[in-house]
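Down below is the structure, laid out as structure tokens.
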Amino acid sequence: MSEIVINAQNLSKNFYNFDSRLPFIKRFLKRNQITIRAVQDISFTIKRGSIVGFIGSNGAGKSTTIKMLTGTLYPSSGKLEVNGEIPFKRSINFRKKISIVVGNKLQLFQDVSAMDYFQLIGTLYEVEPAILQERIQELSNLLNVKDQLYQQVRTLSLGQKMKMEFIAASLTSPEILFLDEPTIGLDIQSKKDIRTFLKKMNEECHTTIILTSHDMDDISSVCDELIVIDKGKIILQESMDVILSKFSDFKYLKIKMTLDLVPELCSVKGVVVISQTKSECILKIPRDFVFETLESINKLVDIEDFEISNLSLEEIILQNYF
């Protein structure tokens, strides 16, 4: 079995629209076609068993790329193989080996229970009844929705519905799981449950997971590799460890102090004041001079307590790529 599960080479997708800036009569008589290049000549590979975060601003081309990877959209040009198959051919073998969860598009039937829907999935994908029940019980326990399995779907909360979506997507033991904004609108506990579920699924089943999300906590807590796309072009593909070590040149220092001495703190070389209150201040300081800077600050301020933390992934991406 090949180590590379997704191989995209010079992949592009164009959409076509009509120029709406012309006066109505001119548009009626002659329509000027506009080409929108949603994805522009991108190339990347994804290894089997990895969890890859696919991020970018709105309109960057994330969802378009995911749709091409799942065979929903036909590429305008380039070559694409997913699990050894051509996605847009939508072969039965290809469809059996992938699952998709889209945060703003629930696939559950609203008028039946989640269990009824799971039974239907099991029948369609020919999952042995005993194995199906075992998976349902295990996954519902992991996602804390065991008590809601027999409730009508429309009576469930958004978080509960999304957890049921994850269970449905996992019942067929997919080799690749595509997730498009799966935690949008969810509460903190639901997000935590889903992140735990994804890591467990990857570790135990070696499922390859492709995750698009605007929530950097999702990306940083789950993914081991990151692809950044902007204006239809890939601008970064790197492991999370390399990104965090390569680009995190600063650390945060949160200090509790007895006096308001922010002007004095600003005089310390390399210190940037991020926020301040009467008793607490958050500073950004060079990574290689943390303790040296802390010693200099301690001479100016009566420090009651302090805490050192890394820059977030979100800040690293914003500072270096957007």
Side-chain angles (χ1 to χ4, degrees), residues 5-6 48-49 51 63 66-67 69-73 82-85 87-186 190-191 193-212 222:
V5 70
I6 296 177
R48 190 176 300 277
I51 308 181
S63 294
I66 293 296
K67 288 176 181 177
L69 295 177
T70 57
T72 309
L73 285 178
V82 177
N83 215 19
E85 302 264 358
F88 62 81
K89 291 185 176 180
R90 302 287 291 172
S91 71
I92 293 177
N93 184 57
F94 171 75
R95 284 180 285 169
K96 280 187 173 182
K97 292 183 177 180
I98 70 168
S99 281
I100 309 165
V101 176
V102 181
N104 61 357
K105 189 179 293 185
L106 297 176
Q107 300 178 73
L108 296 168
F109 297 154
Q110 297 295 305
D111 296 318
V112 300
S113 70
M115 180 62 82
D116 289 334
Y117 184 75
F118 298 156
Q119 296 286 355
L120 175 61
I121 293 295
T123 300
L124 292 174
Y125 283 83
E126 300 176 335
V127 181
E128 290 290 334
I131 295 176
L132 181 71
Q133 288 300 319
E134 183 181 348
R135 289 176 184 168
I136 292 172
Q137 294 304 315
E138 179 185 2
L139 295 173
S140 61
N141 281 329
L142 182 62
L143 288 171
N144 297 310
V145 287
K146 185 177 180 180
D147 295 337
Q148 287 79 41
L149 287 174
Y150 292 94
Q151 279 184 229
Q152 189 181 33
V153 169
R154 68 171 65 255
T155 67
L156 302 176
S157 69
L158 175 60
Q160 291 167 343
K161 288 178 181 177
M162 285 309 304
K163 290 177 181 180
M164 297 302 185
E165 289 279 353
F166 274 95
I167 294 174
S170 308
L171 291 177
T172 58
S173 299
E175 294 184 15
I176 310 174
L177 178 60
F178 294 94
L179 308 173
D180 193 358
E181 300 289 350
T183 62
I184 188 169
L186 301 189
S190 294
K191 288 184 178 183
D193 291 341
I194 287 173
R195 291 166 189 163
T196 301
F197 163 77
L198 292 176
K199 288 188 282 189
K200 184 178 178 66
M201 185 176 181
N202 174 257
E203 290 170 1
E204 295 185 356
C205 305
H206 306 291
T207 307
T208 304
I209 299 174
I210 316 299
L211 168 64
T212 76
V222 173

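Count residues from 1 along the sequence. No experiment lies behind these values; they were computed from the predicted model shown.
Remark: Thr172 pairs with no residue by the side-chain hydrogen bond (donor to acceptor under 3.5 Å, both in side chains) rule, at least two apart or across chains. With sequence neighbours left out, the side chain to side chain contact (heavy atoms under 4.5 Å, CB included) criterion links Arg95 to Arg90, Ile92. For Asp193, the side chain to side chain contact (heavy atoms under 4.5 Å, CB included) criterion is met by Leu143, Asn144, Lys163, Gln189, not counting sequence neighbours. Partners of Thr72 under the side chain to side chain contact (heavy atoms under 4.5 Å, CB included) rule, at least two apart in sequence or in another chain, are Lys67, Thr70. Annotation: side-chain hydrogen bond (donor to acceptor under 3.5 Å, both in side chains) contacts of Asn93 (sequence neighbours excluded): Glu85. Partners of Thr196 according to the side-chain hydrogen bond (donor to acceptor under 3.5 Å, both in side chains) rule, which considers only residues two or more places apart in sequence or in another chain, do not exist here. Residues satisfying the side-chain hydrogen bond (donor to acceptor under 3.5 Å, both in side chains) criterion with Gln151, sequence neighbours excluded, are Thr155. Partners of Leu149 according to the side chain to side chain contact (heavy atoms under 4.5 Å, CB included) rule, which considers only residues two or more places apart in sequence or in another chain, are Met115, Phe118, Ile136, Gln137, Ser140, Met164.
Going from atom OG of Ser173 over to atom NZ of Lys97 covers 12.5 Å, rounded to the nearest 0.5 Å. Ser157 OG to Gln148 CD: the interatomic distance, rounded to the nearest 0.5 Å, is 7.5 Å.
Contacts classified as side-chain hydrogen bond (donor to acceptor under 3.5 Å, both in side chains) and involving residues 123-132 (residues at least two apart or in different chains) are not found. Within the structure, ring pair (Phe, Tyr, Trp, His ring centres under 6.0 Å) pairs that include any residue of residues 142-171 comprise Phe166-Phe197 (at least two apart or interchain). Counting only residues at least two apart or on different chains, the salt bridge (Lys or Arg N to Asp or Glu O under 4.0 Å) pairs with a member in residues 194-206 are Arg195-Asp215, Arg195-Asp218, Lys200-Glu204. Applying the salt bridge (Lys or Arg N to Asp or Glu O under 4.0 Å) test to every pair with at least one member in residues 138-159, sequence neighbours left out, gives these pairs: Asp111-Arg154.
For the pairing with Arg48, the side chain to side chain donor-acceptor pair (under 3.5 Å) check across Thr207, Thr208, Asn83 returns one residue only, Asn83. Tested against Leu179 for a side-chain contact (heavy atoms from CB on, under 4.5 Å), the candidates Ile100, Ile210, Leu198 yield a single pass: Leu198.
A donor-acceptor contact shorter than 3.5 Å is absent between the side chain of Thr183 and the backbone of Leu186. A donor-acceptor contact shorter than 3.5 Å is absent between the side chain of Gln107 and the backbone of Val101.
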| task | Could you go through the side chain to side chain contact (heavy atoms under 4.5 Å, CB included) check for Phe178 and Leu69 one step at a time? | result | CA-CA 9 Å; Phe178 294 94; Leu69 295 177; 3.7 Å; yes

| said: Working note: Leu139 + Leu171, criterion side chain to side chain contact (heavy atoms under 4.5 Å, CB included); need CA distance, chi angles, decisive distance, verdict. | reply: CA-CA 9 Å; Leu139 295 173; Leu171 291 177; 4.3 Å; yes

| task | Assess whether side chain to side chain contact (heavy atoms under 4.5 Å, CB included) is satisfied between Ser63 and Glu181, documenting all intermediate values. | result | CA-CA 9 Å; Ser63 294; Glu181 300 289 350; over 6 Å; no

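Taking 4.5 Å as the limit, some side-chain heavy atom of Gln133 sits within range of a side-chain heavy atom of Gln119. Put simply, the side chain of Met162 does not reach to within 4.5 Å of the side chain of Ser190, judged on heavy atoms. Inter-residue side-chain proximity for Phe109 and Leu120 is flagged as met; some heavy-atom pair is nearer than 4.5 Å.
Within 6.0 Å of atom CD1 in Ile184, 12 or fewer heavy atoms from other residues, nucleotides or ligands are found, so the atom counts as exposed in its surroundings.
Closest heavy-atom contact between Ala169 and Leu177: CB-CD1, 4.0 Å.
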